[in-house]
Amino acid sequence: MSTKEELLKRLSDGVVDMEEDDVAEAAREYLDAGYPAYDGIMEGLVDGMNRAGQLYEEEEYFVTDILLCSDAMYVGLDILRPHLPAVEGGRKVKGIIGGVEGDTHDIGKNLVKIMMETAGFEMIDLGRDVPLQKFVDVAKEEQVQFVGMSTLMTTTMEGMATVIRLLEEAGIREQVKVIVGGGPLSQKYAEKIGADGYSPNAVEAVRLVKNLLNIA
Ligand code: B1M
């Protein structure tokens with residue numbers, strides 16, 4: 001029988017190698033062995049996606065490769081995700097999440113959404129390349145408690161500041177917590193634009209929202 005580390009490596013390698021069948025097989029074996037789905041996602045699938053991202057940056061991988069890697073990651077997510085422990089009871093928290101206008105990256109945003117849903121939050125996913133005003137309109141219509149914005153590009157970061165200004169203009173800034181995340185962002189930048197918080201990853205994002213909304 002394979003060890004947990006061996007199975008995590010197979011999950012990660014399967015994503016890097018764009019091998020959907022290998023990922024599916026490793027994910028099933030991983031669950032059958034009784035290992036936690038959460039680690040399989042973060043230390044297996046996400047690790048593989050991060051490695052694939054590195055290869056893209058080194059110009060070893062092309063756009064098509066990276067998209068096939070993400071397909072393999074989603075195959076694994078479909079298998080592991082139903083086995084994440086569900087959170088029972090508590091006050092239902094409602095939030096929106098989206099990638100800001102001009103940015104079509106959505107892999108990290110999707111992971112954040114999945115972790116939030118697993119934590120019991122009701123998430124409205126606005127998708128990617130979301131018009132800035134839409135964050136405000138939906139926040140108002142749906143009376144959400146928090147707004148999550150993601151971007152991976154320096155060229156689109158400024159859109160987050162605009163959304164915060166639009167929330168103020170709409171008179172609902174005090175009613176929602178705003179959190180931001182994505183590659184080029186930082187705590188410092190979040191503070192600069194007046195966001196309530198920044199998270200470097202999907203797991204921290206859940207903790208951040210819980211802290212901001214005073215949920216145990
Ligand atoms: Co592009 N891309 N890309 N890309 N891409 C980057 C981001 C880049 C850094 C690569 C580089 O050049 N070094 C660069 C941005 C440079 C910059 O602005 N500083 C870049 C560029 C330039 C571009 C294009 C413009 C390329 C072009 O066409 N010339 C173009 C964008 C077009 C557009 O959007 N208008 C483009 C396109 C693409 C692909 C389509 C090929 C693909 C995206 C597929 C998709 O998302 N559906 C892609 C990818 C995959 C990447 C890299 C390689 C990997 C990103 C990724 O998915 N990582 C990336 C380089 C890199 O990051 N190493 C790169 C895995 C993912 C799990 O991590 O998204 O960081 P990440 O999410 C993390 C955290 O950031 C955090 O939690 C997540 C999970 O833990 N997080 C949040 C994210 N959002 C959060 C929100 C939160 C909290 C935490 O709260 C709300």
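Values reported hereafter were calculated over all heavy atoms of this structure, with side chains retained and with hydrogens, waters and symmetry mates removed. In listed order, ligands and their atoms are each counted from 1.
Within ligand 1, counting atoms from 1 as listed, the ones closer than 4.0 Å to a heavy atom of G183 are 75 (O). Each of the atoms 67 (C) of ligand 1 lies under 4.0 Å from some heavy atom of L111. Here is the list of ligand 1 atoms found below 4.0 Å of a heavy atom in G148: 91 (C). Applying the 4.0 Å criterion to heavy atoms of I179 picks out, from ligand 1, the atoms 90 (O), 91 (C). For ligand 1, the atoms sitting less than 4.0 Å from at least one non-hydrogen atom of M149 are 86 (C), 91 (C), numbered in the order shown with element in parentheses. Atoms of ligand 1 lying under 4.0 Å from any heavy atom of R128, numbered from 1 in the order shown and given with element: 47 (N). Atoms of ligand 1 found under 4.0 Å from any heavy atom of D106 (numbered from 1 in listed order, with element): 45 (C), 46 (O), 47 (N). Taking a cut-off of under 4.0 Å to the non-hydrogen atoms of D103, the atoms of ligand 1 that pass are 34 (O).
Atom 37 (C) of ligand 1 is approached by the protein to below 4.0 angstrom, counting heavy atoms only. Under the 4.0 Å distance rule, the nearest protein heavy atom to atom 34 (O) of ligand 1 falls inside the cut-off. By the definition of a contact as any protein heavy atom under 4.0 Å away, atom 59 (C) of ligand 1 is not in contact. Per-atom contact check: atom 28 (O) of ligand 1 does not touch the protein, criterion being a heavy-atom distance below 4.0 Å. Less than 4.0 angstrom separates atom 47 (N) of ligand 1 from at least one non-hydrogen atom of the protein. By the definition of a contact as any protein heavy atom under 4.0 Å away, atom 6 (C) of ligand 1 is in contact.
In terms of polar-atom proximity, defined here as any N/O pair under 3.5 Å, E57 does make such a contact with ligand 1. Where the criterion is an N or O separation shorter than 3.5 Å, residue side chain and backbone included, T104 meets it with respect to ligand 1. Considering both main-chain and side-chain atoms, L67 never comes within under 3.5 Å of ligand 1 through any nitrogen or oxygen pair. No N or O atom of S199 sits closer than 3.5 Å to an N or O atom of ligand 1. For ligand 1, the polar-atom distance check finds an N/O of H105 within less than 3.5 Å of one of the ligand's N/O atoms. Considering backbone and side-chain atoms together, T154 places an N or O closer than 3.5 Å to an N or O of ligand 1. Considering backbone and side-chain atoms together, T151 places no N or O closer than 3.5 Å to any N or O of ligand 1.
Interatomic distance, CD1 of I179 versus CZ of F146, reported as 6.0 Å (0.5 Å rounding).
The protein non-hydrogen atom at the shortest distance from atom 86 (C) of ligand 1 is G181 CA, 3.5 Å. Shortest contact from atom 68 (O) of ligand 1 to any protein heavy atom: N50 OD1, 4.2 Å. Nearest to atom 72 (O) of ligand 1 among the protein's heavy atoms is G108 CA, 3.3 Å. Protein heavy atom closest to atom 24 (C) of ligand 1, with residue, atom name and distance, is M153 SD, 4.5 Å. In this structure, atom 79 (C) of ligand 1 lies nearest to the protein heavy atom A202 N, 3.9 Å. Regarding atom 54 (C) of ligand 1, its nearest protein heavy-atom neighbour is G53 CA, 4.2 Å. Given atom 53 (C) of ligand 1, the protein heavy atom at minimum distance is Y56 CD2, 3.0 Å. Ranking the protein heavy atoms by distance from atom 42 (C) of ligand 1 puts I66 CG2, 4.0 Å first.
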side-chain contact (heavy atoms from CB on, under 4.5 Å) assessment of M115 paired with M42
CA-CA 10 Å; M115 290 302 163; M42 297 310 288; 3.7 Å; yes

Evaluate salt bridge (charged side-chain N to carboxylate O under 4.0 Å, His left out) for R165 paired with E168, printing each intermediate quantity in order.
CA-CA 5 Å; R165 184 175 50 74; E168 280 163 7; over 6 Å; no

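Screening D47, L77, V203, L11 against I41 for a side-chain contact (heavy atoms from CB on, under 4.5 Å) leaves a single residue, L77. Checking R51, E58, E57 one by one against Q54, the side chain to side chain donor-acceptor pair (under 3.5 Å) holds for a single residue, E58.
The shortest heavy-atom contact between G48 and V15 is C-CG1, 3.7 Å. The shortest non-hydrogen separation linking D103 to M153 is OD2-N, 3.7 Å. The two atoms that bring A52 and Y61 nearest to each other are O-CD2, 4.2 Å, heavy atoms only. Scanning both residues, A205 and V112, for their nearest heavy atoms gives CB-CG1, 4.0 Å.
Under 4.0 Å from ligand 1, the heavy atoms of P200 that appear belong solely to its backbone.
A heavy-atom distance below 4.5 Å is not found between the side chains of E142 and E122. When side chains are defined from C-beta on, I107 does not count as touching L152, because their heavy atoms never get closer than 4.5 Å. Proximity of M18 to D71: side-chain heavy atoms (C-beta onward) are nowhere separated by under 4.5 Å. Between V178 and R173, the closest side-chain pair of non-hydrogen atoms falls below 4.5 Å.
Among G48, S150, C69, the residue whose heavy atom lies nearest to atom 84 (N) of ligand 1 is S150. Between the choices I107, L152, V46, the shortest heavy-atom distance to atom 55 (C) of ligand 1 belongs to L152. When the heavy-atom distances from atom 75 (O) of ligand 1 to G98, A205, G182, G102 are ranked, the shortest goes to G182.
The hydrophobic cluster containing I164 also contains V138, counting ILVMFWY residues as joined when their side-chain heavy atoms lie under 4.5 angstrom apart, directly or transitively. Grouping the Ile, Leu, Val, Met, Phe, Trp and Tyr side chains by contacts below 4.5 angstrom, directly or via other members, places V176 with V100. Clustering ILVMFWY residues whenever any of their side-chain heavy atoms sit less than 4.5 angstrom apart, transitively, puts L185 in the very cluster that holds V147.
More than 12 heavy atoms of other residues, nucleotides or ligands lie within 6.0 Å of NZ in K4, so this atom counts as buried by the packing criterion.
Using a 4.0 Å cut-off between charged side-chain N and carboxylate O, R10 and D17 make no salt bridge.
Ring-plane geometry between Y30 and Y35 is classed as tilted, the angle between the planes lying from 30 to 60 degrees on a 0 to 90 degree scale.
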